[in-house]
**Q** 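Pasting a structure here, questions to come.
For the numbers below, each heavy atom of this structure counts, side chains included, while hydrogens, waters and symmetry mates do not. Sequence positions, counted from 1, serve as the residue numbers for this chain.
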Amino acid sequence: MTSTTTTYGTITSAPTLISSHAKHTRRPWSELFSLSSFALPNSAADAKDRIKLNVSYFRVNYVITALTILFLTLLWHPTSMIVFLITFIFWWFLYLFNDNPVVIFNRTVDDTVVLGALSFATLLLLVVTHVGVNVLVGLIIAVVVISVHAAFRGTEDLGSPGEEEENGLLSVVGSQPLRPTSGYNRI
């Protein structure tokens, strides 16, 4: 007679398309900061190509970085921090840790549209709380940090270009969704 024992912390079911696809959107932080991947770009065109590929490949990691920098610029503004934390809840459930596409009125919303809408709403709500200069400074710092990282991080270890095109990751505003279309969240 076969005995099946399950220990705590084990997963007994096979991985689904959703769980395996989620790995394609959130990259490991160790991969983002791998010191062996950093090198000077050969030219301005090479730096531009690296930025395009790295921003699309590490999109979710860069969004988390930008939100963290923005949060740090709000430390001395408690009202704005509360507003930011409320909008961060929407970021958390609709973009950062949501493995299913967002569906509104039975239509799947593209990942890029969700990113744009959440960014606009966050910026608008923070500007309404009178911290426009802080938001601007935070965004400038975030863009500089992300651009410098993306320009100096090599792209040789990110996989073949065909593989990236298959996953819809080469273009930040590409028409292919990054998340699977089989499951959805209703709003």
**Q** What's the spacing between L94 CG and I89 CD1 if we round to 0.5 Å?
**A** 11.0 Å
**Q** Are N61 and E31 close enough that some pair of their side-chain heavy atoms sits under 4.5 Å apart?
**A** no
**Q** With the side chain counted from C-beta on, respond yes when T155 and N54 share a heavy-atom pair under 4.5 Å apart, and no when they do not.
**A**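 Contact flag for T155/N54 side chains = yes.
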**Q** Once you round to the nearest 0.5 Å, how far does CG of L126 lie from OG1 of T79?
**A**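 Rounded to the nearest 0.5 Å, the CG-OG1 separation comes to 11.5 Å.
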**Q** Does some side-chain heavy atom of R59 sit less than 4.5 Å from a side-chain heavy atom of T112?
**A** yes
**Q** Side-chain heavy atoms under 4.5 angstrom apart, residues restricted to Ile, Leu, Val, Met, Phe, Trp, Tyr: same cluster for V135 and L75?
**A**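 Both belong to a single hydrophobic cluster.
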**Q** Would you kindly confirm whether V109 and W92 end up in one hydrophobic cluster when ILVMFWY residues are joined by side chain heavy atoms under 4.5 Å apart?
**A**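 Same cluster.
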**Q** Looking at side-chain heavy atoms only, is the closest gap between F84 and L125 below 4.5 Å?
**A** no
**Q** Taking side chain to side chain donor-acceptor pair (under 3.5 Å) as the cut-off, I'd like each qualifying pair that reaches into residues 113-133, sequence neighbours left out, listed once.
**A** S80-T129, W91-T122
**Q** Treating D46 as the side-chain partner and P41 as the backbone partner, does any N or O pair qualify as donor plus acceptor under 3.5 Å?
**A**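 The answer is no, because no donor-acceptor pair under 3.5 Å joins these two groups.
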**Q** How long is the span from the CZ atom in F152 to the CD1 atom in I51, to the nearest 0.5 Å?
**A**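 Between F152 CZ and I51 CD1, I get 9.5 Å after rounding to 0.5 Å.
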**Q** Supply the atom-to-atom distance I82 CD1 to L74 CG, rounded to the nearest 0.5 angstrom.
**A** 11.5 Å
**Q** If two hydrophobic side chains count as joined below 4.5 Å and joins carry through other members, does I146 share a cluster with I141?
**A** no
**Q** CG of N42 to CG of L40: how many Å apart, nearest 0.5 Å?
**A**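 That separation rounds to 9.0 Å.
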**Q** Treating Ile, Leu, Val, Met, Phe, Trp and Tyr as nodes and any side-chain heavy-atom pair under 4.5 angstrom as an edge, say whether F38 and V55 lie in one connected cluster.
**A** no
**Q** Examine V145 and F33 and state if one hydrophobic cluster contains both, with Ile, Leu, Val, Met, Phe, Trp and Tyr joined whenever side-chain heavy atoms are less than 4.5 Å apart.
**A**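 As far as the 4.5 Å side-chain criterion goes, F33 and V145 are not connected within one cluster.
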**Q** Output the distance between atom CH2 (W29) and atom CZ (F58), rounded to the nearest 0.5 Å.
**A** 10.0 Å
**Q** Can you name the nearest heavy-atom pair linking V127 to G132, along with the distance?
**A** CG2-CA, 4.3 Å
**Q** What's the shortest heavy-atom distance between R50 and R153, and which atoms?
**A** CD-O, 3.7 Å
**Q** Quick one: does S34's side chain have a donor or acceptor within less than 3.5 Å of a partner on S30's backbone?
**A**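 Not at all, since once roles are kept as given, no pair shorter than 3.5 Å links the two residues.
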**Q** Taking L67 as the fixed residue, which of V63, T65, I69 is the one that meets the side-chain contact (heavy atoms from CB on, under 4.5 Å) rule?
**A**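 It is V63, the one option of V63, T65, I69 that forms the side-chain contact (heavy atoms from CB on, under 4.5 Å) with L67.
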**Q** Look at the side chain of R27 and the backbone N and O of L32, then say whether any donor-acceptor pair between them is shorter than 3.5 Å.
**A** no
**Q** Would a distance-only check, ignoring hydrogens and angles, find a side-chain to backbone donor-acceptor pair under 3.5 Å from N134 to T73?
**A** yes
